[in-house]
Amino acid sequence: MFVSLLLAAAIASKSPDAQRDVLHDIAHERVDYWVAEFSKDHDYHKKIAAGLARMPQYQKIIEGKLRTRGMPKNLIWLAMEESAFKADACSREKATGIWQLTSATARLYRLRVNKKVDERTSVEKETDAALDFLSHLHKRFGSWYLAAAAYDSGEQRIARIMKKKFGHERGRDRDYYRIWDDLPGETRDYVPAIIALKRIGSDPAKYGF
């Protein structure tokens, strides 16, 4: 019986879903580039320093929700990349909140967005919606890197790119760099920037913060 349980655990550990709670730090020159840029460029440094100062307001809530869902704790850095934890952030495309959800995506995940109420400005409610969305993307693409790419550039775009490149949608984190040339310019550096922020966040003083 004990041997059977060990074998079952070994098999489970090799399944893609066993890595659901891990956001891997894959070594890549673009990650190194963004670590250097964020550390040395004045404007980037100022924005990130402000984001790091705001982060403790939301960290317990976000990491608690990630932990409950079995999602990578370090996905919190996606929110940092999106908004630097400004709850009232609003993009040119009218994406709003710390997770920068569009109104269409927010409504899809049961948030109220109208002239009177915009629940994207509620950190707790927008976090629930954003994590629902990311969980769906991970289930579809099988990789947090690909899920993040879809979060940034659109689910259908990543599906088309993956099908053209590999003949199927699901992949691994390293496939992000294999489709790098096919991604929109902004999305090419989206995941490297998140991983760079994760590195900086693990030891801010080392990087001058």
Side-chain angles (χ1 to χ4, degrees), residues 18-91 95-101 120-128 130-131 133-135 137-138 143-153 172-174 176-177 180 183 185-209:
Q19 297 302 311
R20 181 176 171 80
D21 64 344
V22 177
L23 181 62
H24 295 287
D25 184 342
I26 297 175
H28 194 274
E29 62 186 31
R30 295 307 295 174
V31 177
D32 297 336
Y33 170 83
W34 284 110
V35 169
E37 281 294 294
F38 291 156
S39 301
K40 296 176 182 178
D41 181 272
H42 174 75
D43 291 338
Y44 281 136
H45 191 282
K46 183 178 179 181
K47 179 180 178 180
I48 291 166
L52 290 172
R54 285 188 289 265
M55 186 175 176
Q57 300 176 59
Y58 312 117
Q59 189 169 3
K60 185 176 180 180
I61 293 172
I62 295 172
E63 289 184 351
K65 290 179 180 295
L66 288 166
R67 183 170 54 253
T68 297
R69 293 164 177 260
M71 297 170 73
K73 182 178 71 172
N74 287 312
L75 279 175
I76 193 171
W77 297 106
L78 188 150
M80 176 67 153
E81 166 63 12
E82 287 287 346
S83 67
F85 295 107
K86 289 186 68 177
D88 60 350
C90 185
S91 73
T96 298
I98 67 169
W99 295 94
Q100 290 288 280
L101 293 179
R120 292 175 295 176
T121 60
S122 164
V123 171
E124 191 154 359
K125 290 179 179 179
E126 192 188 33
T127 296
D128 284 334
L131 299 191
F133 186 31
L134 282 164
S135 185
L137 294 172
H138 181 266
S143 152
W144 287 117
Y145 277 47
L146 296 176
Y151 188 97
D152 182 65
S153 69
R172 299 180 178 183
D173 287 343
R174 291 188 181 278
Y176 176 86
Y177 291 113
W180 197 82
L183 295 171
E186 179 181 330
T187 307
R188 290 178 183 178
D189 278 335
Y190 186 68
V191 171
I194 292 170
I195 301 303
L197 290 169
K198 174 187 169 185
R199 285 189 191 174
I200 290 169
S202 68
D203 191 355
K206 176 180 177 180
Y207 299 101
F209 290 93

Exercise. Which value, rounded to the nearest 0.5 Å, describes the distance between Asn74 atom CG and Asp25 atom CG?
Worked result: 9.0 Å
Problem set entry | Lys65 atom NZ, neighbour heavy-atom count above 12 within 6.0 Å | yes
Exercise. Out of Tyr33, Tyr176, Tyr177, which residue meets the ring-ring contact (aromatic ring centres under 6.0 Å, His included) rule with His28?
Worked result: Tyr177
Problem set entry | Leu131 CG to Trp99 CH2 distance, which is reported to the nearest 0.5 Å | 5.0 Å
For this session: Nearest 0.5 Å please: distance from the CG atom of Asp88 over to the OG1 atom of Thr96.
Result: 9.5 Å
Exercise. How long is the span from the NE2 atom in His138 to the CG atom in Leu146, to the nearest 0.5 Å?
Worked result: 9.0 Å
Identify every side-chain donor-acceptor pair in residues 188-197 under 3.5 Å, counting partners at least two apart or on other chains, and give the distances.
from	atom 1	to	atom 2	distance (Å)
Arg188	NE	Trp180	O	3.2
Arg188	NE	Leu183	O	3.1
Arg188	NH2	Asp181	O	2.9
Asp189	OD1	Arg30	NE	3.0
Asp189	OD1	Trp34	NE1	3.4
Asp189	OD2	Arg30	NH2	2.8
Asp189	OD2	Trp34	NE1	3.3
Tyr190	OH	Glu82	OE2	2.5

Exercise. Which heavy atom in Gln100 sits nearest to a heavy atom in Glu126, and how many Å separate them?
Worked result: N-OE2, 3.5 Å
For this session: Would you give the length of the straight line joining atom OH of Tyr151 to atom CG of Leu137, rounded to the nearest 0.5 angstrom?
Result: 9.0 Å
Exercise. Is the shortest heavy-atom distance from the side chain of Ile26 to the side chain of Tyr145 under 4.5 Å?
Worked result: yes
Problem set entry | Closest contact, heavy atoms only, Thr187 versus Ser153 | OG1-CB, 3.1 Å
Problem set entry | Nearest non-hydrogen partners of Asp152 and Glu186, listed with the distance | OD1-OE2, 3.4 Å
Seminar exercise, completed: Heavy-atom closest pair (Gly97 atom, Ser83 atom, distance to 0.1 Å) is O-CB, 3.7 Å
Exercise. If you round to the nearest 0.5 Å, how far is CG of Leu66 from CG of Leu134?
Worked result: 8.5 Å
Compile the donor-acceptor pairs under 3.5 Å between side chains in residues 201-209 and protein atoms, sequence neighbours left out, one pair per line.
from	atom 1	to	atom 2	distance (Å)
Ser202	OG	Arg199	O	2.6

Exercise. Got a sec: does the CZ of Arg54 have more than 12 other heavy atoms crowding it under 6.0 Å?
Worked result: yes
Exercise. Quick one: does Gln59's side chain get under 4.5 Å of Phe85's, heavy atoms only?
Worked result: no
Exercise. Less than 4.5 Å apart, any side-chain heavy atom of Ile62 and any of Ile98?
Worked result: yes
Exercise. Mind checking whether Ile76 and Met71 have side chains closer than 4.5 Å, heavy atoms only?
Worked result: no
